[in-house]
Amino acid sequence: MFALLGFLINPFAILSILGIIFSAIGLAKSHDLDGRQKVTGRGTAIAGIVLGLLGLVAFGWLLAQELA
């Protein structure tokens with residue numbers, strides 16, 4: 001959720017960073033659910049990490065454009 005919001009609205013890349021952190025926690029927790037449940041949330045966690053990283057890269061690129 002934070003990663004998606006960070007991709008749309010990204011003040012100081014805070015939402016992207018939070019999205020990466022919480023998605024990484026979700027990915028680590030999804031390994032505990034392997035075998036016990038059909039849905040582990042691993043795909044959602046990976047999507048959150050990817051979106052968070054894309055938002056962070058976009059923020060860095062826009063910042064570099066402004067400073068250049």
Review point. Side chain to side chain contact (heavy atoms under 4.5 Å, CB included) with Ile17: which of Ile20, Ile21, Leu15?
Key: Ile21
Validation: residues 40-60 side-chain donor-acceptor distances under 3.5 Å, sequence neighbours left out:
{"unit_1": "Thr40", "atom_1": "OG1", "unit_2": "Arg42", "atom_2": "N", "d": "3.4"}
{"unit_1": "Arg42", "atom_1": "NH2", "unit_2": "His31", "atom_2": "ND1", "d": "3.3"}
{"unit_1": "Arg42", "atom_1": "NH2", "unit_2": "Asp34", "atom_2": "OD1", "d": "3.1"}
{"unit_1": "Arg42", "atom_1": "NH2", "unit_2": "Asp34", "atom_2": "OD2", "d": "2.9"}

Practice item. Decide if atom CD of Gln65 counts as having more than 12 heavy atoms of other residues, nucleotides or ligands within a radius under 6.0 Å. Key: yes
Review point. Excluding sequence neighbours, so at least two apart, what forms side chain to side chain contact (heavy atoms under 4.5 Å, CB included) with Ile14?
Key: Phe12, Leu18
